[in-house]
Amino acid sequence: MNIYNPSTNTVIATVKEDTDQTLQKKLQTLRQGVASWRTSSLSDRIDKIKTFGHLVRNDIENLAALLTSETGKPIQQARNEIRGAQNRIDHIIQNASPWLSPEHIYHNDTISESIRYEPLGVIANISAWNFPYNVGYNVFLYALAAGNGVLYKPSEYATLTGQAISHKLYQAGIPEEVFQVGIGGASVGQKLLEMNFDGYFFTGSHHTGQKIATTLAPKMVPVQMELGGKDPLYVMDDVADIKQAAINAAEGSFYNAGQSCCAIERIYVSESIYDEFIHYFIEEVSSYPMGDPTKESTFIGPLTRAEQLDTIEDQITDAVDQGATIMIGGRRVSSQGYFHQPTVLSNVNHTMKVMKQETFGPLVGIQKVRSDEEAVDLMSDTPYGLTAAVFGSDEQRALAVLNKVNTGTVYWNCCDRVSPNVPWSGRKNSGIGSTLGYQGIRAFVQPKAYHLKH
Ligand code: NAD
């Protein structure tokens, strides 16, 4: 399998894809290794994960350069991701023990009732490329801490990073017998679905997630999905600082060239501040340096996948044909790499694809609203349910809106952020189950109830 650099469209490496035989061998290795891993002490497993964190941080320049080379993520953002993902490790260090230890629930003179948390066994983790450290750690580090074996299939667009992560895990003392990497694209992912894992944890698009869930249903094993989004932001007329709101919203839309599951993909603005908001928003977007992702100053790099350029062009054409106005951008950049100008559309509405379908690129539509009720209706008019944000001065007013939207996460005066302290979960087409938070630790264990009569 060839690995491409998306900023130059050149092959930077060639790796050997897994076959049925090599995958079966990896699963066998994991089955043997997990027996002693699950009975090893939790503190030993956590110590190894802690060491892994040190090794990654000490090699951040090489790892960031590798991530940039295969995904096109600007180098500053690559470093930010790797550095930021350490918060998952800190969360595990602080919380795995309280949330994985046995719980004594009830006792009287004759009976005691308690719960023990047992690992699932050997799990498959089929993952995405856009934040391979963040979304990878959310699954495989928590799974390992809980005593599971993991077959990690990084996205075909983040393969080298997946391999580099596995080397660091081994260096940190995590046995090869409990962590294996599956190399390849969709067909290798499909092969994993035919094998007998004790749980499947998927991060990727709704389209793939639905296929995977359908295929796995007869297996009757835990299946968890972190899928796409069409995340809205509503800017209220009482927002304290319109310019700052526009700057924050633009970053939420265009960070990582909009290739975040929780990127702001549609913006609703109160009509009284609409023009001023758009003015500052465009001013901000026009200041974003685009180009070579290895340059320190670059904010917008190429898209990771060439096909995404067609999706963006299709959404822009569809919107413009129906009356939208291009405020900035609008075109792919003629270069060898997969670059698209950051693009802002106004005069948009919900008959347009740009306001309904996941874009996953540097494109956002801004729509005028006349009331909080209209904003709630528009924010809710989506099959997705990942996050929703409100910017405004009045917390109670903002919460009244956020309480009505059906998403796993809501933000007031912030957006596009993930914290390990609280669960990360999508509703509707955005997923099933949670990573992070205590729910995200418990996702990798199964409770066993003990009734002990004395
Ligand atoms: P994708 O669905 O194309 O691929 C995801 C993974 O599935 C890859 O490893 C791929 O090789 C594998 N795959 C593809 N087809 C398969 C099949 N039929 N059977 C088994 N495996 C298969 O998604 P992507 O392009 O890697 O990631 C982008 C998507 O992921 C976006 O929709 C984004 O919103 C979403 N995402 C969600 C979260 C979240 O936390 N909710 C985080 C990151 C990305």
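The model shown is predicted, which means the values in this text are computed figures rather than measured ones. Numbering of ligands and ligand atoms starts at 1, following listing order.
Looking at heavy atoms from C-beta onward, N349 lies out of side-chain contact with M355 at the 4.5 angstrom threshold. The side-chain heavy atoms of E313 and R332, taken from C-beta on, include a pair separated by under 4.5 Å.
The closest approach between any non-hydrogen atom of F202 and ligand 1 is below 4.0 Å. At least one heavy atom of G185 sits closer than 4.0 Å to an atom of ligand 1. Residue G431 places every heavy atom at 4.0 Å or more from ligand 1.
Between W129 and ligand 1, a contact under 3.5 Å exists for at least one N or O pair. For ligand 1, one of its N or O atoms has an N or O atom of E358 under 3.5 Å away. Taking any N or O of G189, backbone or side chain, none lies under 3.5 Å from an N or O belonging to ligand 1. Between S430 and ligand 1, no N or O atom pair is found at a separation short of 3.5 Å. Backbone and side-chain nitrogen or oxygen atoms of W424 are examined, and one is located within less than 3.5 angstrom of a nitrogen or oxygen of ligand 1. Checked against a 3.5 angstrom limit, the closest N/O atoms of G184 and ligand 1 fall outside it. Between T208 and ligand 1, a contact under 3.5 Å exists for at least one N or O pair. At under 3.5 Å, a nitrogen or oxygen of S205, whether backbone or side chain, sits near a nitrogen or oxygen of ligand 1.
Residue C261 holds the heavy atom nearest to atom 36 (N) of ligand 1 of all those in G408, C261, A263.
Proximity to L227 (heavy-atom distance under 4.0 Å) selects the following atoms of ligand 1: 37 (C), 38 (C), 39 (C), 41 (N). Using a 4.0 Å cut-off to heavy atoms of I126, the atoms of ligand 1 that qualify are 6 (C), 7 (O), 9 (O), 12 (C), 21 (N). In the vicinity of Q190, heavy-atom distances shorter than 4.0 Å reach the ligand 1 atoms 17 (C), 18 (N), 19 (N), 20 (C). Listed by atom number, the atoms of ligand 1 under 4.0 Å from I212 heavy atoms are 19 (N), 20 (C), 21 (N). Proximity to N130 (heavy-atom distance under 4.0 Å) selects the following atoms of ligand 1: 43 (C), 44 (C). Annotation for ligand 1: atoms under 4.0 Å from non-hydrogen atoms of R305 are 25 (O). Counting the atoms of ligand 1 from 1 in the order shown, those under 4.0 Å from a heavy atom of E156 are 8 (C), 9 (O), 10 (C), 11 (O). In the vicinity of S155, heavy-atom distances shorter than 4.0 Å reach the ligand 1 atoms 9 (O).
In terms of protein heavy-atom proximity, atom 27 (O) of ligand 1 is closest to A128 CB, 3.6 Å. Closest to atom 35 (C) of ligand 1, if we only count protein heavy atoms, is G204 O, 3.2 Å. Summary of contacts: the protein heavy atom closest to atom 33 (C) of ligand 1 is F360 CE1, 3.3 Å.
A donor-acceptor contact under 3.5 angstrom links the side chains of T359 and Q315, judged on distance only. Inspection of the Q439 and S425 side chains reveals no N or O donor paired with an N or O acceptor under 3.5 Å. Q86 and D90 share a side-chain donor-acceptor pair at under 3.5 Å. Looking only at atom types and distance, the side chain of Q76 has a donor-acceptor partner in the side chain of E296 under 3.5 Å away. With 3.5 Å as the limit, one finds a donor-acceptor pair spanning the side chains of T22 and D18.
The residue Q259 has no part lying near ligand 1, judged by heavy-atom distances below 4.0 Å. Counting heavy atoms under 4.0 Å from ligand 1, residue Y157 does not touch it at all. Residue contacts with ligand 1 for S127 involve N, CA, C or O but no side-chain atom from C-beta outward (heavy atoms, distance under 4.0 Å). Residue-level proximity to ligand 1 for H207 is absent, since no heavy atom of it falls below 4.0 angstrom. At a heavy-atom cutoff of 4.0 Å, ligand 1 is contacted by no atom of T215, backbone or side chain. When heavy-atom distances to ligand 1 are checked against a 4.0 Å cut-off, V135 comes that close only through its side chain, counted from C-beta outward.
Using cut-offs of 30° and 60° for the angle between ring planes, the Y255 and F299 rings count as perpendicular. Using cut-offs of 30° and 60° for the angle between ring planes, the H206 and Y384 rings count as perpendicular.
For R417 and Y411, the positive end is not near the middle of the six-membered ring at less than 6.0 Å and at most 45° from its axis.
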Show me the donor-acceptor pairs, under 3.5 Å and distance only, between side chains in residues 169-176 and residues at least two apart or in other chains.
| unit_1 | atom_1 | unit_2 | atom_2 | d |
| --- | --- | --- | --- | --- |
| Y170 | OH | F179 | O | 2.6 |

Exercise answer: donor-acceptor pairs, residues 124-136 side-chain atoms, under 3.5 Å, sequence neighbours excluded:
| unit_1 | atom_1 | unit_2 | atom_2 | d |
| --- | --- | --- | --- | --- |
| N125 | ND2 | F201 | O | 3.2 |
| N130 | ND2 | Q259 | O | 3.1 |

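Salt bridge D381/K356: present, at least one basic N to carboxylate O contact under 4.0 Å.
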- Message: One pair to check against salt bridge (Lys or Arg N to Asp or Glu O under 4.0 Å): E358 and K230. What are the steps and the verdict?
- Response: CA-CA 5 Å; E358 189 178 38; K230 187 73 195 167; over 6 Å; no
- Audit row: L402, W412, side chain to side chain contact (heavy atoms under 4.5 Å, CB included) steps and yes/no: CA-CA 8 Å; L402 294 171; W412 177 47; 4.3 Å; yes
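The heavy-atom pair separating I312 from L303 by the smallest distance is CD1-CD1, 3.5 Å. Between C414 and A389 the shortest heavy-atom distance is O-CB, 3.6 Å.
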